[in-house]
Structures are given as structure tokens and as C-alpha cells.
Asker: 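Just dropping this structure here.
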Number of protein chains: 2
Amino acid sequence: MKTPDCSGHDHPNRPRAKLVNAEALERAARLFRALGEESRLRIVAALAQGEACVTELAQASEESLSTVSQRLRVLRAENIVVRRRQGKHINYALADAHVTELVFNALAHAGESQPRRKPANKS
Amino acid sequence: MKTPDCSGHDHPNRPRAKLVNAEALERAARLFRALGEESRLRIVAALAQGEACVTELAQASEESLSTVSQRLRVLRAENIVVRRRQGKHINYALADAHVTELVFNALAHAGESQPRRKPANKS
DNA sequence: CAAACACTTGAACAACTGTTCAAGTGAAGA
DNA sequence: TCTTCACTTGAACAGTTGTTCAAGTGTTTG
């Protein structure tokens, strides 16, 4: 592991304390990772419009039940979605408002910052 | 691909239109994915406290320059961080407020919802 | 109780991704 | 200009992850 000198560089005296604890950071990373797959994010976006059962989600995305179920398992492991049995069916919904905000925030960022394109200066 | 019947199930007439366009969703997924690695998220969290050069980030995390640089490359590809040359050094900073919010939001979610633990009811 | 329905799960394989090393680039200083 | 510093990049390997299939679970209906 290289540790370069970097001497003579006037680093301002930055606060070097950890802003966040390691455990929260790890869980946040897992949360992001779960949302970081287009197929799963599509499910989350669908659920942002209202709860749905697995069959509905499968039909909407034209995927097999198994595939959708596996994705939901990942999402559930990170508390992104919750499930609730309703007779024969199992309905899924977003776990809380944080998730919804997270998704909208990401879509906002994605919408405004085009990759590989210099943004026009704010006139 | 199995398409189960799901008949006789009274699905409320859900709005089946796409809430988000496919391109934005893909970019949002890429954004989440970039943040979904603990090592990269740690860098982002560090930059949330103020900009820093690669050497600083490497020293803080006790990693090699190369490793950190590769991570920054991924973050930069998703417009999460921006860089600015300052003489010999290249300073990195978070690209915009969206990113900061995204991270704080995720940390909030991570902090409040413990995985594998039934939350106490809000007394 | 048995069958059908609506999912869930484990395992296996292919595809993807992160890390590392070695070589390369560009700016600043001798 | 040559060297050094600060960083970047491509390639390769190892570890991770998503998808799929086949088998399993729990609930309702006949």
C-alpha cells in the first residue's frame, strides 16, 4: 500500500472525525446496492404507485414469479418493502416514506445531470 | 416464463402507466449502484464533510492511491463527485445537494430500521 | 383430506464488479 | 529539459451477484 508524501500541501485543517458510524454506513450501502439494480428499482418504482401482489408485478414486468419473488426478497432484506398476506395473495408495499423520497431524489438527480454532457451554465 | 392466472382476485384498478421513463430509471439505478459499495460510500461520506484530494482520501482510508482513484472514477461517471485541479493536486467534492441529501436520507433509513429486529411500537 | 393456487427457496452457473499491479499522463520544480 | 509528484488507466484475477429451475411452503377451495 502506497502512502504518498503529500507534504508541502496546505490541507486546511479538516474535521477528521467520522461523521457517520460504520454500522450505519454499511447498512446504507446495502440499501443503495439493493436499489442499484434496474430490475429491482423498477419494482420499487411500481410500488411507489401503490401496493401490489407478486403476480401483478410479474405480469407488469413480464417476468416469472420466481424472478420477481427473488427480487422482492432482496428488497425485503433491506427493509425497502414490506409484505402483508391478504387471503391467497401477498401484497407488497414500500416500507416507509424514506424509501419513496430516496427514489424520487435519485430520479431527480438522474434527470438533471446527463452523463457525458456538459451542463449548460445556469442563465 | 410463467404467467399465472390471478383471476378472481379483486385488484383495484391501479394506474398502470409508467410513472418514470426508462432512461431516468436506468440512470437512477446506476447512481444507486455507485453508492451501493461501502468503500465508495465511505468516500462520499468523507466528501460530505468537505472537499479533499486523492492523497488525503487515500490516507484517511489507508488505501492505495490507485484504489481510491478507481473508486472516484466510478463516482465521477455517475456525476456523484466532481474534480478540480489545484496546482499539483486534484480536489474532489460532491457534485450537488441531491447527492448529499441522498446519502443523509439513506443513513436515516439505515439508522432507524434495524434488519432482523421487530421495531418497538411507537409509544 | 386432496388439489389448486400463490408464492418462496436453495443451488448452480453465467455475468458482472472490485481490487491490484504495472505502466502512463500531466503539472510543477530543479 | 529532466525529474518528481500526484494521480489515472488497462488488464487480469478473484469474489460477488442475478437469473433460472426444480422442489417446497402455506392458504384456500372442492
Side-chain angles (χ1 to χ4, degrees), chain A residues 1-11 26 29-44 51-78 81-93, chain B residues 1-11 26 29-44 47 51-78 80-93:
Chain A
M1 178 174 23
K2 271 178 223 158
T3 39
D5 215 17
C6 209
S7 49
H9 179 205
D10 55 339
H11 298 142
E26 192 208 320
R30 292 166 63 85
L31 170 65
F32 279 133
R33 179 178 298 210
L35 292 170
E37 182 79 23
E38 207 184 331
S39 53
R40 285 194 295 260
L41 187 55
R42 208 188 332 270
I43 289 178
V44 173
E51 63 173 52
C53 71
V54 185
T55 303
E56 284 180 286
L57 292 169
Q59 284 176 342
S61 58
E62 298 189 308
E63 307 258 16
S64 78
L65 269 193
S66 179
T67 302
V68 173
S69 184
Q70 295 275 20
R71 289 174 189 162
L72 286 167
R73 166 161 61 165
V74 174
L75 292 173
R76 203 152 61 86
E78 298 310 322
V81 302
V82 291
R83 66 174 167 182
R84 186 166 50 96
R85 185 172 268 277
Q86 289 239 306
K88 252 185 201 176
H89 291 263
I90 295 180
N91 271 15
Y92 279 83
Chain B
M1 176 173 29
K2 272 179 221 157
T3 38
D5 215 16
C6 209
S7 49
H9 179 203
D10 56 341
H11 297 145
E26 192 208 318
R30 292 166 62 87
L31 171 64
F32 279 133
R33 180 178 296 211
L35 292 170
E37 181 79 19
E38 207 184 331
S39 53
R40 283 193 297 259
L41 187 56
R42 207 188 332 269
I43 289 178
V44 173
L47 291 179
E51 63 173 50
C53 71
V54 185
T55 302
E56 283 181 285
L57 292 168
Q59 284 176 341
S61 58
E62 297 190 309
E63 308 259 16
S64 76
L65 268 193
S66 178
T67 302
V68 173
S69 185
Q70 295 277 18
R71 290 173 189 161
L72 287 167
R73 166 161 62 167
V74 173
L75 293 172
R76 204 152 61 88
E78 299 310 322
I80 294 168
V81 302
V82 291
R83 66 173 166 182
R84 186 166 51 95
R85 185 172 267 275
Q86 289 240 306
K88 253 186 200 176
H89 290 262
I90 296 180
N91 271 16
Y92 280 81

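These numbers come from a predicted model, not from an experiment. Letters A, B, ... mirror the listed sequences (proteins, then strands); counts begin at 1.
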Asker: Could a donor-acceptor pair under 3.5 angstrom be found where the side chain of B:S66 meets the base of D:dT9?
Answerer: yes
Asker: Is the closest side-chain heavy-atom distance between B:R73 and B:R76 below 4.5 Å?
Answerer: no
Asker: Rounded to whole Å, how long is the line connecting atom CG of B:L75 with atom P of C:dG18?
Answerer: 10 Å
Asker: Which heavy atom of A:R33 sits nearest a heavy atom of A:R40, and at what distance?
Answerer: O-NH2, 3.4 Å
Asker: If you take any heavy atom closer than 4.0 Å to DNA chain D, which residues from residues 34-41 of chain B end up in contact?
Answerer: none
Asker: Within the pair B:Y92 and D:dA6, is there a side-chain N or O less than 4.0 Å away from OP1 or OP2?
Answerer: no
Asker: What is the distance from atom CD1 of A:I43 to atom CG of A:L75, rounded to the nearest 0.5 Å?
Answerer: 6.0 Å
Asker: Whole-Å distance between C:dG26 C1' and B:H89 NE2?
Answerer: 14 Å
Asker: Can you see if the side chain of A:R83 gets near the phosphate of C:dT8 - specifically, an N or O under 4.0 Å from OP1 or OP2?
Answerer: yes
Asker: Rounded to whole Å, please give me the gap between CZ in B:R30 and P in C:dC16.
Answerer: 13 Å
Asker: Looking at B:I80 and B:A34, what are the two nearest heavy atoms and their distance?
Answerer: CD1-CB, 3.6 Å
Asker: Working to the nearest 0.5 angstrom, can you tell me the gap between B:L57 CG and B:T67 OG1?
Answerer: 12.5 Å
Asker: To the nearest Å, give me how far apart CG (A:N91) and P (C:dC5) are.
Answerer: 19 Å
Asker: Could you grab the distance from atom SG of A:C53 to atom CG of A:N91, nearest 0.5 Å is fine?
Answerer: 6.0 Å
Asker: Does A:R73 put a side-chain nitrogen or oxygen below 4.0 Å from OP1 or OP2 of D:dG18?
Answerer: no
Asker: Please give, in whole Å, the distance from C:dT8 P to A:L72 CG?
Answerer: 7 Å
Asker: Return the 5'-most residue of the pair B:R71, A:I90 with respect to DNA chain C, ranking by each residue's nearest nucleotide.
Answerer: A:I90
Asker: What does nucleotides 25-30 of chain D look like as a protein-contact string, B for base, S for sugar-phosphate only, - for none, at under 4.0 angstrom between heavy atoms?
Answerer: --SS--
Asker: For the side chain of B:E63, counting heavy atoms from C-beta on, which of C:dA6, D:dT8, C:dT20 is nearest?
Answerer: C:dT20
Asker: Between the side chains of A:E37 and A:R71, is the shortest nitrogen-to-carboxylate-oxygen separation below 4.0 Å, so that they form an ion pair?
Answerer: no
Asker: Find out whether A:E56 and A:H89 are in side-chain contact, i.e. whether some heavy atom of one side chain is under 4.5 Å from a heavy atom of the other.
Answerer: no
Asker: Could you state the CG-C1' distance from B:L65 to C:dC21, rounded to the nearest angstrom?
Answerer: 14 Å
Asker: Do B:R84 and B:E51 meet the salt-bridge criterion of a basic N to acidic O distance under 4.0 Å?
Answerer: yes
Asker: Ignoring hydrogens and angles, answer whether the base of C:dT20 and the side-chain atoms of B:Q70 contain a donor-acceptor pair closer than 3.5 Å.
Answerer: yes
